[in-house]
Number of protein chains: 2
Amino acid sequence: MAGLTAPLLGLQKKSLREQALSALRTAITSGELEPGRHLVETELSEMLQISRGTLREALRQLEQEGLVSAGPRGRLSVRHLDEKEIRDIYAVRAALESLAARTLCELPDRQHVTESLHKAIDAMTAATSGSLEDRIESDLEFHRTLCRLTGNETLLHSWESLEGSIRMSIMFAGLEKGVSNMSVDRHNDIVAAIDTGDASLARKTILEHMDAAAANLVA
Amino acid sequence: MAGLTAPLLGLQKKSLREQALSALRTAITSGELEPGRHLVETELSEMLQISRGTLREALRQLEQEGLVSAGPRGRLSVRHLDEKEIRDIYAVRAALESLAARTLCELPDRQHVTESLHKAIDAMTAATSGSLEDRIESDLEFHRTLCRLTGNETLLHSWESLEGSIRMSIMFAGLEKGVSNMSVDRHNDIVAAIDTGDASLARKTILEHMDAAAANLVA
DNA sequence: TGTAAGTCGACTGTTTACAGTCGGTATTAG
DNA sequence: CTAATACCGACTGTAAACAGTCGACTTACA
């Protein structure tokens, strides 16, 4: 009985590919693999202790997510974002999240929505005294929840495809600037707007939030 | 000199992976691989005459694009869309394209934009007498152009990630219904709206177009 | 007969080794 | 000093192999 190798509390074991994917995402968005850094397959596969084939599958996905970009002859490197790209990313993010906000306004069970969002804000509050990473994490979790609660899987998937780029934007702009807009108050405004059920108000609130966040990053 | 294996008229030769990706996309969105169909790696790799490793890289991307979905133990099958999913896909599509329309309104060189879009509409007109596939193709090309002209690479990329799902939606709903909304007139309205430079009008026009298209598919 | 255990086959996950190709770089001949 | 050559690093693609898993089928036993 004792000596279980892993708790497995509802966790399903992930494939090596998924583990590699997570590891690479973290390495990139944490800056451990700096933008522009050339990624050599053999190096990475040795580093991660996986075969090249498995690694390549993970790299394809990172490419799709925009974390790495392909140069001539398939050469991969960590993507470098300039200010225009950050603005562009945030414009798309704003479009997706404003759809989410509008959708939530038209949901029958808005009670549950408000509840879940408040819970996410509580997590942000709890993280205020924590590390920078924790604060970023809880902020993104709030916005991910926003998308998830719509029940629109495509929307959630599109947002998650953008998540890596969003993280890179925050990192690129410097962590201090990046988190300064993550105040709990601003997020309460969003929930309040959704709670009124006024779709255009909710949309407006999100767009302002995104504008402020983007302006903050590239200012 | 004679006997070139391929014309290569300005075409850059694509990697086997990319070729496989295109072939699979076409096979799925054309219905040759019907929704729900279980995809066996060894079968496909033999069919496409490529190795399993290369195939798996292509499959990862199709998974990301939502054309195939993973079942238990990594079993892949062609994705099946129900009506809700189609509506959801079109909601996201509408959000992206309305961003595109709004962005185009604020562009300095709107002359060039209008020109390019008219050219795309001309292609649609030319396709009216062509095959169903051609009509769908030219319609999607118009909308892709809409996104491309914004100069927002992230927007274009997000739209293209959705393109496969859009094609599946059209196919699923039955080709007759799917193309009935692809009238040239409607697209002229969109260009006209953008041409006025009125962002909210352009947004409204696109949203109506998308609503009509989605309603048509699931009606 | 009914069911529980054992077997087989089909697939995926993953690894290893190897051939081919393309550029860049260093070396060497003129 | 220049140019042809050889080499090397890195990516693309391939083939073969093995383990793990699950479903289906078979078989043996109560």
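These numbers were taken from a predicted model, which means no experiment stands behind them. By convention in this document, chain letters (A, B, ...) are assigned in the order of the sequence lines, proteins followed by strands, and residues within each chain are numbered from 1.
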Which residue, B:Glu63, B:Gln64, B:Glu57, forms the side chain to side chain donor-acceptor pair (under 3.5 Å) with A:Gln61?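 With A:Gln61 as partner, B:Glu63, B:Gln64, B:Glu57 yield a single side chain to side chain donor-acceptor pair (under 3.5 Å), made by B:Gln64.
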
Could you tell me whether the side chain of [X] and the main chain of [Y] form a donor-acceptor pair under 3.5 Å?
{"X": "B:Thr125", "Y": "B:Ile121", "value": "yes"}
{"X": "B:Arg79", "Y": "B:Gly66", "value": "yes"}
{"X": "B:Arg25", "Y": "B:Leu62", "value": "no"}
{"X": "A:Gln49", "Y": "A:Glu46", "value": "yes"}

In terms of side-chain heavy atoms of A:Arg56, which of D:dC11, D:dT14, C:dT12 is nearest?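 Looking only at side-chain atoms, A:Arg56 lies closest to D:dC11.
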
Side-chain N or O of B:Thr54 versus OP1/OP2 of D:dT14: is the shortest distance under 4.0 Å?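 Indeed, a polar side-chain atom of B:Thr54 lies that close.
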
On DNA chain C, compare the nucleotides closest to A:Arg52 and A:Leu16; which residue's is nearer the 5' end?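 The 5'-side residue here is A:Leu16.
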
Residues in contact with DNA chain D, drawn from residues 58-80 of chain B - heavy-atom cutoff 4.0 Å: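 Output list: B:Arg73.
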
By a strict heavy-atom criterion of less than 4.0 Å, which residues belonging to residues 39-50 of chain B are in contact with DNA chain D?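 Residues of residues 39-50 of chain B that come under 4.0 Å of DNA chain D are, in numerical order, B:Gln49, B:Ile50.
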
Intermediate values then yes/no, side-chain hydrogen bond (donor to acceptor under 3.5 Å, both in side chains), B:Thr145 and B:Glu141: CA-CA 6 Å; B:Thr145 301; B:Glu141 176 58 28; 3.3 Å; yes

Gap between atoms [atom1] and [atom2], on [X] and [N] respectively (whole Å):
{"X": "B:His38", "N": "C:dC11", "atom1": "NE2", "atom2": "C1'", "result": "7 Å"}
{"X": "B:Leu55", "N": "C:dG13", "atom1": "CG", "atom2": "C1'", "result": "14 Å"}
{"X": "A:Glu18", "N": "C:dT12", "atom1": "CD", "atom2": "P", "result": "16 Å"}
{"X": "A:Lys14", "N": "C:dG13", "atom1": "NZ", "atom2": "P", "result": "15 Å"}

Show the nearest heavy-atom pair for residues A:Leu217 and A:Ser169, with the distance to one decimal.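 The answer is CD1-CB, 4.1 Å.
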
Electrostatic pair B:Glu137:B:Arg167 at N-O distance under 4.0 angstrom: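 A salt bridge links B:Glu137 with B:Arg167.
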
